[in-house]
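All figures in this text were calculated on a predicted structure; none of them were measured in a lab.
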Amino acid sequence: MDSRVLECFLRVAELGSINRAAVDLNLSQPALSRQIAGLEHEMQVQLFIRSQGVSA
């Protein structure tokens, strides 16, 4: 397990948003989502409940 992936996981958890964490980590949202999905696959557990954000 890569420590960078764990850093990404923690940032998403702290900020409560993959989009905000991606900006903070200077990553694209799809790249960060792939890292989180890979971590979930490796651990065989869903780490986050995903929902569609509503734009106003």
Side-chain angles (χ1 to χ4, degrees):
M1 184 179 308
D2 185 0
S3 63
R4 175 75 174 154
V5 175
L6 290 177
E7 178 185 347
C8 291
F9 165 76
L10 288 174
R11 216 51 202 133
V12 173
E14 289 169 348
L15 296 175
S17 166
I18 288 180
N19 289 332
R20 283 185 267 165
V23 170
D24 187 69
L25 294 165
N26 199 31
L27 294 171
S28 70
Q29 181 274 325
L32 180 54
S33 291
R34 282 191 301 273
Q35 287 190 0
I36 297 299
L39 180 60
E40 289 177 324
H41 179 77
E42 184 177 339
M43 297 181 71
Q44 299 181 356
V45 65
Q46 183 179 353
L47 298 170
F48 296 105
I49 298 172
R50 289 158 177 81
S51 63
Q52 295 294 325
V54 178
S55 298

**Report entry** Sequence neighbours excluded, every pair satisfying ring-ring contact (aromatic ring centres under 6.0 Å, His included) that has a member inside residues 18-41
**Finding:** none
Query - Qualifying ring-ring contact (aromatic ring centres under 6.0 Å, His included) pairs with a residue from residues 4-35, counting only residues at least two apart or across chains - result: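 Qualifying pairs: F9-F48.
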Query - E40 CD to Q44 CD distance, which is reported to the nearest 0.5 Å - result: 12.0 Å
Query - L6 side, atom CG; L39 side, atom CG - distance, nearest 0.5 Å - result: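 Between L6 CG and L39 CG, I get 6.0 Å after rounding to 0.5 Å.
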Query raised in the report: Does one side chain, of Q29 or S33, offer a donor that lies under 3.5 Å from an acceptor on the other?
Result: yes
Requested in this report: Kindly indicate, with the supporting measurements, whether the criterion side chain to side chain contact (heavy atoms under 4.5 Å, CB included) is fulfilled by C8 and L27.
Outcome: CA-CA 10 Å; C8 291; L27 294 171; 4.0 Å; yes
Query raised in the report: If two hydrophobic side chains count as joined below 4.5 Å and joins carry through other members, does L25 share a cluster with V23?
Result: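 No; V23 is not reachable from L25 via cluster members.
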Report task. Return each pair, listed once, that meets salt bridge (Lys or Arg N to Asp or Glu O under 4.0 Å) where at least one residue sits in residues 28-38; pairs must be two or more places apart or across chains. Result ->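 For residues 28-38: none.
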Only pairs under 3.5 Å count here: list side-chain donor-acceptor contacts from residues 13-21, not counting sequence neighbours, and write none if there are none.
from : atom 1 : to  : atom 2 : distance (Å)
E14  : OE1    : R11 : NH1    : 2.4
S17  : OG     : N19 : N      : 3.2
S17  : OG     : R20 : N      : 3.1
R20  : NH1    : L15 : O      : 3.3

Report summary line: Those residues at least two apart in sequence (or on a different chain) that pass side chain to side chain donor-acceptor pair (under 3.5 Å) with E42 are none
